[in-house]
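Please read all numbers here as calculations on a predicted model, not as lab measurements. If you read the sequence from its start, that first residue is 1, and numbering goes on from there.
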Amino acid sequence: MLKRLDKIRFRGQKRDEFLDLSESPNASDTECSDEAPVKPRPSLRDDDLRDPASPASLSMAAAIQDFQRTESDRLTEVKGHLEVALLEKHFLQEELRKIREETNIESLKLELEKERGKRVDLEQKMNEVLKTRLEDSPPQPPKTQPPAANGTADGQRDTLYSRVQKWLYDKLAVYIEDFRFQPEEQAVEPDEPLSAKRLTENMRRLKRGVKPVTNFLRNLSALSSWHSVYTSAIAFILYMNAAWHGWAIPLFLFLAILRLSLNYLIARGWRIQWSIVPEVSEPVEPPKEDLTVSEKFQLVLDVAQKAQNLFGKMADVLEKIKNLFMWVHPEITQKLYVALWLAFIASCLLPYKLLGFMMGIYAGIKFFIIDFIFKSCPKLREKYDSPYIVWTSLPTDPQLKERSNTLMSRRLQPVTSRSSLAASAPYGMSRDEESGRLYSTKKGAFHEVFNLSESERPLPVCENGWRCCLINRDRKMPTDYIRNGVLYVTENYLCFESSSSRSSSYKKNKVIKLEDITDVQKYKVLSVLPGSGMGISIATPSTQKPLVFGAMVHRDEAFDAIYTQYLKIMPAVTNPEP
């Protein structure tokens, strides 16, 4: 800013070349009136010019110098005022722009237009109501001089009728107006722009809103698991006594009233904390105002990962419920179908009191005793817990899609290859090895793509492979430097299948023996990005620089599988730094 002021200040002519203020057309009257009126310059006589040492010439020179000095000071002051005015104008323009951005004038104009339209509609409705009121009101008869007795009686009747009508209209017109049909106005909510701060705040709000529900479920789980023996025993005795006498519903209503009463006392400032499982207070991080680009990027990644996991769990639950009712898994849905028929027949034959007694007793035994046994003995749960077995065996849509793809690949496989593989199999080969022979990639059989023995097949953890890109830093050509594909791990090899259209043969693919690997490490391809990276570096004696498998979404899973199989073959290798 100082450099800019210096440029503005010394732009133009020099101070000595400025005209006098009295001769300049831009000089204002107010600035000139502050000082004494400028007198015309006295003309020097020839005698004074000839004699420079004369007192008149000396005094005249001093006066001229003082006049020039005052003129330069005035010019400097005027330039200073001009600079201040320009700076104030610039700052005011910035403030005006910020205010316009914050107030959002366009949305205010739209809201103002809507309010004007509503006002016009209300005026029209008021005019219609007034017109109907005038039309409904009886016409006033002309004033005549009726007889004395009958005239007074008819006038009283008319006034009484009009008063009753007016009273009824004033009392009921508001309610009648509420039943008038009007088209529903659909308000379009404006979409908020994407903001890292707003996204983080919404996730924190969601976490705070779900916290009471999660605490309630955690307390129920602790009550069923007998985390506190005395609390669970008291709850079991109270519930079974209430269910035996038919007071289960009043018990739940009383507990709800008790919870609301405790919440009221907590809201009034009382410190009441009742929980079977002690709550763990998480440290609240103060929100940061100034974030760097990398911090914002990492913040967005963390929030996106949490949202991805949350939406994935919700989608799994909804898809399982949908598949249960849509007969995707007929065996499981058939059990539900039979159970619903039995419940329907029991509700028709048994009295509701007996039915409620049976359901209450069963719920108490299931919650406090059977669930505790199943949680303590997982093997019993996997064999005899019917709801758990049904829920875990229900497939999701991605699992159904994967199953259909495997079935289609098995159907499309030629019969000749199967017969040849079965004929060439040695006697005594196990079923696992035979299934490994039938494994195929997108371009053919696995052992044919990589030119390996037929016994080699991918491990169960990577049957579909890991999508990644191979970075060979020993090559200089762009086509050979980076190649996209899929990475597999077998018992003895690390196989990379290139996805390029020109890599139909196995020459473009990469096969590395696990025993030839000298080092395995997690690798970060771009150091600018936050996080620990998404790559794995593999060092071998045949390469000068380690091979890098980057852009792997499931990098940690792939690293654990590779390193575990590597340790099985080379147990003497020390653990690399993760």
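- S537 approaches P546 most closely through the heavy-atom pair CB-CB, 4.3 Å.
- Surrounding CD of E331 are at most 12 heavy atoms belonging to other residues, nucleotides or ligands under 6.0 Å away.
- Within the model, atoms CZ of F374 and CG of L380 stand 7.0 Å from one another, a figure rounded to the nearest 0.5 Å.
- Annotation for H554: atom NE2 does not count as buried by contact number, only 12 or fewer foreign heavy atoms lying within 6.0 Å.
- The closest side-chain heavy-atom distance from P212 to F216 is not below 4.5 Å.
- Between the side chain of T564 and the backbone N or O of A561, no donor-acceptor pair lies under 3.5 Å.
- Residues I512 and L547 have side chains in contact (heavy-atom distance under 4.5 Å, counting atoms from C-beta outward).
- Under the 3.5 Å distance criterion, the side-chain polar atoms of Q565 are matched with a main-chain donor or acceptor of E491.
- If you take OH on Y239 and CG on L255, they are separated by 11.5 Å, rounding to the nearest 0.5 Å.
- The local environment of CD1 in I249 is sparse, with at most 12 non-hydrogen atoms from other residues, nucleotides or ligands closer than 6.0 Å.
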Take V553 and W466 through the side-chain contact (heavy atoms from CB on, under 4.5 Å) test and state the conclusion after the steps. CA-CA 8 Å; V553 179; W466 297 294; over 6 Å; no
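- Using cut-offs of 30° and 60° on the angle between ring planes, the pair F236 and W226 is tilted.
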List the steps, then state whether side-chain contact (heavy atoms from CB on, under 4.5 Å) holds for L452 with N492. CA-CA 10 Å; L452 298 174; N492 300 309; over 6 Å; no
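- Minimum interatomic distance between A307 and M203 (heavy atoms only, all atoms of both residues): N-CE, 4.3 Å.
- Here the closest non-hydrogen pair linking G364 and M240 is CA-SD, 4.1 Å.
- Crowding of E201 atom CD: a count of heavy atoms from other residues, nucleotides or ligands under 6.0 Å exceeding 12.
- Put simply, CZ on R555 and CD1 on I536 are 6.5 Å apart, with the number rounded to the nearest 0.5 Å.
- The main-chain N or O of K401 is found under 3.5 Å from a side-chain atom of S404 such that the two form a donor-acceptor pair.
- With sequence neighbours left out, the side-chain hydrogen bond (donor to acceptor under 3.5 Å, both in side chains) criterion links K366 to D371.
- A salt bridge links R97 to E94: one of the charged nitrogens lies within less than 4.0 Å of a carboxylate oxygen.
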Please test C462 against L487 for side-chain contact (heavy atoms from CB on, under 4.5 Å), starting from the C-alpha separation and ending with a verdict. CA-CA 8 Å; C462 63; L487 182 65; over 6 Å; no
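- Under the 4.5 Å side-chain criterion, counting only non-hydrogen atoms from C-beta, V520 is in contact with I538.
- Here the CZ atom belonging to F496 is positioned 7.0 Å from the CG atom belonging to N484, to the nearest 0.5 angstrom.
- Heavy-atom neighbours of Q544 CD from other residues, nucleotides or ligands within 6.0 Å: at or below the threshold of 12.
- A donor-acceptor pair is defined here as one N or O able to donate and one able to accept, closer than 3.5 Å; no such pair exists between the side chain of S221 and the backbone of L217.
- T392 contributes a side-chain N or O that, together with a main-chain N or O of I389, makes up a donor-acceptor pair within less than 3.5 Å.
- Few gaps surround NZ on K322; more than 12 heavy atoms of other groups in view lie less than 6.0 Å from it.
- In this structure, F367 and L220 approach most closely via the heavy-atom pair CZ-O, 3.4 Å.
- Between W391 and the choices I332, L324, V317, D385, the side chain to side chain contact (heavy atoms under 4.5 Å, CB included) rule is met once, by V317.
- In this structure, the side chain of S232 does not engage the main chain of V229 through any donor-acceptor pair within 3.5 Å.
- Nearest heavy atom pair, residue P395 against residue Q399, reads CA-OE1, 3.3 Å.
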If you apply the rule side-chain contact (heavy atoms from CB on, under 4.5 Å), what do you find for L400 with N323, and how did you get there? CA-CA 10 Å; L400 291 174; N323 295 331; 3.9 Å; yes
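- With values rounded to the nearest 0.5 angstrom, D519 atom CG is found 7.5 Å from Y566 atom OH.
- The minimum heavy-atom distance linking S393 with H329 is given by the pair O-CD2, 4.0 Å.
- To the nearest 0.5 Å, the span separating CG on N451 from CD on E456 amounts to 12.0 Å.
- Two rings, from F450 and F446, have their centers less than 6.0 Å apart.
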